[in-house]
Amino acid sequence: MIEAAIEGPGATKTERRSLVRAAGLTKVFQPNKNELGVTAVRDVTLTCRENEVFGLLGPNGAGKTTTLRMLSTVLPPTQGTANVAGFSVIRNPEEVRARIGFLSGNTALYPRLTVRETLDFFGSLHGLSGIALEERIDTVLDALDMHDYADRRLEHLSTGMTQKANIGRTLLHDPPVLILDEPTSGLDVLGAGAMIDFIEAMKHGGKCVIFSTHILTEAERLCDEIGILNAGRLHAVGTLEQLRERTGEAYLDAVFRALCREASIEDAARL
């Protein structure tokens with residue numbers, strides 16, 4: 001298993017380094033200067049630490065993908081700040097990219113490349129070369145049990161195997177932070193289960209993982225903290241137990257619905 005242990009999994013929250021910090025993160029999409037624009041994310045503040053998984057939950061259009069894209073420097077924030085592994089997404093985007101692995105369910109790879117060629121290509125983008133790159137590729141292939149498929153083109157692999165190659169691409173430079181946008185999207189039960197096992201292993205290996213999902217059982221199993229996004233606002237953040245106490249509900253699906261209703265009432269009151 002690929003590990004980057006910094007603190008042991010038993011470290012308390014106060015002992016763990018905060019690797020992702022966002023404060024007042026806001027994104028307004030404004031097609032042209034004559035329009036008011038659409039606020040997709042408004043004033044989001046969150047923290048994720050090493051050895052921790054932070055889950056973003058919310059209905060479609062809540063702002064989950066936009067938030068993760070700002071944290072990964074794909075989109076610049078309109079307002080607010082965010083630091084990843086000690087670097088600003090605004091002032092130091094290249095440093096941030098060097099320290100994150102970004103994966104989404106629809107991340108496209110080059111189908112005519114083999115798994116090994118894919119890893120070699122993305123490794124070179126991160127400045128790896130020569131023996132160091134070859135060793136990292138072998139380490140990733142070992143961790144993902146993909147040596148038998150290493151020299152096959154992606155276009156000839158199953159969806160699950162292609163996603164494994166995508167995971168390998170995400171991990172090749174051994175980043176301390178993983179940002180995952182619906183990583184089990186499109187996977188069958190076995191593929192999704194393998195992805196969940198992978199995220200859990202990364203957490204225990206010292207990584208900081210922040211991810212979005214529509215599948216509440218994933219969040220229930222994986223997340224140390226959960227944030228509920230609704231209409232671009234981070235309405236509630238806490239452990240599952242804290243959110244249960246807040247809503248009086250036992251199951252995460254009921255907790256989720258209760259908090260979304262609560263958020264919608266608050267948003268209506270602001271109008």
Side-chain angles (χ1 to χ4, degrees), residues 1-7 17 19-20 48 50-51 53 68-69 71-74 83-89 91-181 183-184 187 191 194-211:
M1 187 54 62
I2 302 172
E3 296 184 349
I6 302 168
E7 299 275 354
R17 281 193 305 157
L19 292 180
V20 177
C48 186
E50 60 194 358
N51 291 110
V53 176
L68 296 187
R69 287 180 176 176
L71 292 175
S72 62
T73 77
V74 174
N83 287 291
V84 177
F87 292 93
S88 166
V89 300
R91 296 188 303 274
N92 314 108
E94 291 186 3
E95 297 288 353
V96 171
R97 291 177 205 134
R99 290 162 176 81
I100 65 170
F102 181 69
L103 175 70
S104 70
N106 58 4
T107 300
L109 298 177
Y110 300 101
R112 293 181 65 81
L113 293 183
T114 67
V115 173
R116 191 183 303 277
E117 289 169 342
T118 298
L119 297 178
D120 183 86
F121 172 73
F122 282 100
S124 66
L125 292 181
H126 284 287
L128 297 172
S129 62
I131 294 175
L133 176 56
E134 292 176 7
E135 289 178 348
R136 283 300 300 165
I137 290 173
D138 282 339
T139 298
V140 168
L141 291 174
D142 282 340
L144 299 176
D145 193 23
M146 288 198 76
H147 274 289
D148 290 344
Y149 303 89
D151 298 308
R152 292 180 60 180
R153 288 183 179 179
L154 297 178
E155 62 188 347
H156 300 311
L157 297 181
S158 67
T159 300
M161 281 295 173
T162 301
Q163 189 72 326
K164 270 193 174 186
N166 221 339
I167 293 170
R169 182 269 306 171
T170 303
L171 289 175
L172 196 64
H173 56 302
D174 197 22
V177 176
L178 298 177
I179 298 176
L180 312 176
D181 187 13
T184 60
L187 297 182
M195 175 62 75
I196 296 306
D197 289 342
F198 156 75
I199 294 173
E200 200 164 51
M202 290 300 99
K203 166 190 167 179
H204 292 304
K207 306 293 187 186
C208 165
V209 182
I210 180 168
F211 86 118

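Not measured: the values here are computed from a predicted model.
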Identify every side-chain donor-acceptor pair in residues 92-100 under 3.5 Å, counting partners at least two apart or on other chains, and give the distances.
residue : atom : partner : partner atom : Å
Asn92   : OD1  : Ser88   : N            : 3.4
Glu95   : OE1  : Arg99   : NH1          : 2.6
Arg97   : NE   : Thr73   : OG1          : 2.7
Arg99   : NH1  : Glu95   : O            : 3.0

Exceeds 12 heavy-atom contacts within 6.0 angstrom, atom CZ of Phe121: yes
Listed partners of His126 passing ring-ring contact (aromatic ring centres under 6.0 Å, His included), at least two apart: His173
Pairing residues for [X] by the side-chain hydrogen bond (donor to acceptor under 3.5 Å, both in side chains) criterion, not counting sequence neighbours:
X      : result
Asp142 : His147
Glu200 : Arg221
Glu155 : Arg153

According to salt bridge (Lys or Arg N to Asp or Glu O under 4.0 Å), who are the partners of [X], at least two apart in sequence or on a separate chain?
X      : result
Glu117 : none
Arg152 : none
Asp151 : Arg116

Lys203 side chain vs Val209 backbone, donor-acceptor pair below 3.5 Å: no
Salt bridge flag under 4.0 Å for residues Lys207 and Asp174: yes
Closest non-hydrogen atom pair between Pro183 and Ile199, with its separation: CG-CD1, 4.1 Å
Candidate pair Arg169 and Leu103, rule side chain to side chain contact (heavy atoms under 4.5 Å, CB included), full reasoning: CA-CA 9 Å; Arg169 182 269 306 171; Leu103 175 70; 3.8 Å; yes
Any Leu119 side-chain heavy atom under 4.5 Å of Leu141 side chain: yes
